[in-house]
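Worksheet for the structure shown next.
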Amino acid sequence: MIRPVFLDTTVFFDSIDDDRMKTIMDHAKNAGFTLKTSITVIGEALTQMRENRDKDRYVPAFLDLLDVWDINIHYPNDPVRVLCYIMGDEEIDSRIIREVTDRTHLAYAMAYHSEFFITSDKNMRSYRVPKKLEDVGFIKPITLSLQDFRDEILNKR
């Protein structure tokens with residue numbers, strides 16, 4: 001059974017900075033989870049990494065993780081477009097009103113039917129998608145931190 005896991009930008013930084021975090025995703029890959037992300041996450045990550053004084057360490061390590069984890073990269077499609085529009089138009093959850101990129105990343109995860117969305121952003125973990133989206137069949141993935149994913153999903157297999 002394929003269990004798709006969408007990785008937010010923070011996962012890559014956390015995994016590069018802390019081998020324990022990288023080990024969680026290594027274990028997920030070895031356990032058969034499908035790891036994926038979006039072109040928007042890649043763009044955001046590379047932009048932030050290039051602006052960091054440790055860019056010579058971050059950028060190659062990031063590109064290596066994409067290969068080692070065999071990351072599926074998703075591109076815009078009509079469901080992503082619809083999700084982004086509705087989540088931006090119906091801002092019912094004020095915690096991420098100004099977080100356009102975070103909503104976009106979540107839209108990709110939902111459009112491509114991710115079971116899990118891994119992020120360190122607490123607001124994203126508790127974000128409520130508009131009911132209108134749920135009514136037409138879009139489901140917010142289970143949104144967890146890396147540690148919670150390890151404890152609640154990987155360690156209970």
Side-chain angles (χ1 to χ4, degrees), residues 1-84 87-88 93 95-96 98-127 129 138-157:
M1 176 180 183
I2 296 174
R3 300 189 74 188
V5 178
F6 188 95
L7 306 180
D8 193 13
T9 306
T10 58
V11 173
F12 295 101
F13 278 95
D14 293 344
S15 296
I16 292 167
D17 289 336
D18 187 340
D19 281 338
R20 294 171 299 179
M21 299 299 112
K22 180 184 177 296
T23 299
I24 294 169
M25 296 318 310
D26 289 342
H27 180 61
K29 177 66 182 165
N30 292 335
F33 287 85
T34 300
L35 305 181
K36 50 204 229 169
T37 198
S38 66
I39 194 68
T40 58
V41 166
I42 290 174
E44 181 181 51
L46 284 173
T47 299
Q48 290 176 8
M49 289 173 184
R50 286 183 60 230
E51 293 170 351
N52 190 294
R53 62 183 170 84
D54 286 335
K55 68 181 177 185
D56 291 338
R57 178 175 67 91
Y58 277 116
V59 172
F62 172 65
L63 296 174
D64 187 54
L65 289 177
L66 293 176
D67 287 337
V68 168
W69 291 340
D70 192 26
I71 300 285
N72 293 328
I73 302 169
H74 295 301
Y75 295 89
N77 64 13
D78 283 337
V80 169
R81 179 183 57 80
V82 169
L83 284 157
C84 286
M87 285 194 293
D93 192 331
R95 290 170 291 196
I96 67 166
R98 290 177 184 79
E99 302 299 333
V100 177
T101 55
D102 290 337
R103 286 194 319 259
T104 301
H105 301 330
L106 182 59
Y108 273 95
M110 291 171 64
Y112 284 96
H113 311 290
S114 297
E115 183 176 353
F116 304 100
F117 184 91
I118 309 302
T119 184
S120 62
D121 186 328
K122 291 178 182 168
N123 289 332
M124 286 303 294
R125 293 197 304 262
S126 58
Y127 172 69
V129 299
F138 288 109
I139 299 168
K140 180 185 176 200
I142 299 165
T143 307
L144 303 163
S145 68
L146 269 167
Q147 297 89 336
D148 289 342
F149 179 72
R150 176 195 61 212
D151 297 342
E152 297 175 24
I153 307 302
L154 288 176
N155 288 347
K156 295 196 176 181
R157 289 179 49 95

So, for K55 and M49, which heavy atoms are closest and what is the spacing to 0.1 Å?
CB-O, 3.0 Å

R103 side chain vs C84 backbone, donor-acceptor pair below 3.5 Å
no

Smallest separation among heavy atoms of K22 and L65, with atom names
CE-CD2, 3.7 Å

Taking it one step at a time, do D17 and R57 satisfy side chain to side chain contact (heavy atoms under 4.5 Å, CB included)?
CA-CA 10 Å; D17 289 336; R57 178 175 67 91; 3.2 Å; yes

Between L106 and P141, the two heavy atoms sitting closest are CD1-CD, 3.8 Å

Show the nearest heavy-atom pair for residues A28 and L35, with the distance to one decimal.
CB-CD2, 4.4 Å

Do Y108 and V41 touch side chain to side chain, with heavy atoms closer than 4.5 Å?
no

Check: D18 side chain, D14 main-chain N or O, donor-acceptor pair, under 3.5 Å
no

Side chain proximity check, V129 to F138, heavy atoms < 4.5 angstrom:
no

Do Y58 and F12 pass the ring pair (Phe, Tyr, Trp, His ring centres under 6.0 Å) test, and can you show the C-alpha distance, the side-chain angles, and the key distance before you say yes or no?
CA-CA 9 Å; Y58 277 116; F12 295 101; over 10 Å; no

Identify the residue among L154, N155, T119 that makes a side-chain contact (heavy atoms from CB on, under 4.5 Å) with F149.
L154

Can you tell whether the side chains of D78 and R81 come within less than 4.0 Å, N to carboxylate O?
yes

Would you say the side chain of F117 lies within less than 4.5 Å of the side chain of H105, judging by non-hydrogen atoms?
yes

Evaluate the criterion side chain to side chain contact (heavy atoms under 4.5 Å, CB included) for residue pair R20 and L146; output intermediate values, then yes/no.
CA-CA 10 Å; R20 294 171 299 179; L146 269 167; over 6 Å; no

One should read off an interatomic distance between I71 CD1 and M25 CE, to the nearest 0.5 angstrom, of 7.0 Å

To the nearest 0.5 Å, what is the distance between CG (D102) and OG1 (T9)?
7.5 Å

Min side-chain heavy-atom separation T10-D121 under 4.5 Å:
no

Would you call I118 and V5 a side-chain contact if the rule is heavy atoms closer than 4.5 Å?
yes

Chi angles and distances behind the side chain to side chain contact (heavy atoms under 4.5 Å, CB included) call for I153, F33
CA-CA 11 Å; I153 307 302; F33 287 85; 3.7 Å; yes

Please check if the distance between the ring centroids of H74 and Y112 is under 6.0 Å.
yes

Inter-residue atom distance D19.CG - I24.CD1, 0.5 Å rounding:
11.5 Å

Say you draw a straight line from CD of Q48 to CZ of F62; how long is it, rounded to the nearest 0.5 Å?
10.5 Å

Which atom of I39 lies closest to which atom of P76, heavy atoms considered:
CG2-CD, 4.2 Å

Measure the spacing between CZ of F13 and CG of D54 and express it to the nearest 0.5 Å.
10.5 Å

Rounded to the nearest 0.5 Å, how far does CD1 of I16 lie from CG of D64?
9.0 Å

Would a distance-only check, ignoring hydrogens and angles, find a side-chain to backbone donor-acceptor pair under 3.5 Å from K140 to A109?
no

S114 side chain near K36 side chain, heavy-atom distance below 4.5 Å
yes

Measuring only between side-chain heavy atoms, which start at C-beta, is W69 closer than 4.5 Å to S15?
yes

Specify the closest pair of heavy atoms between A107 and L83, including all atoms of both residues, with the distance to one decimal.
O-CD1, 3.4 Å

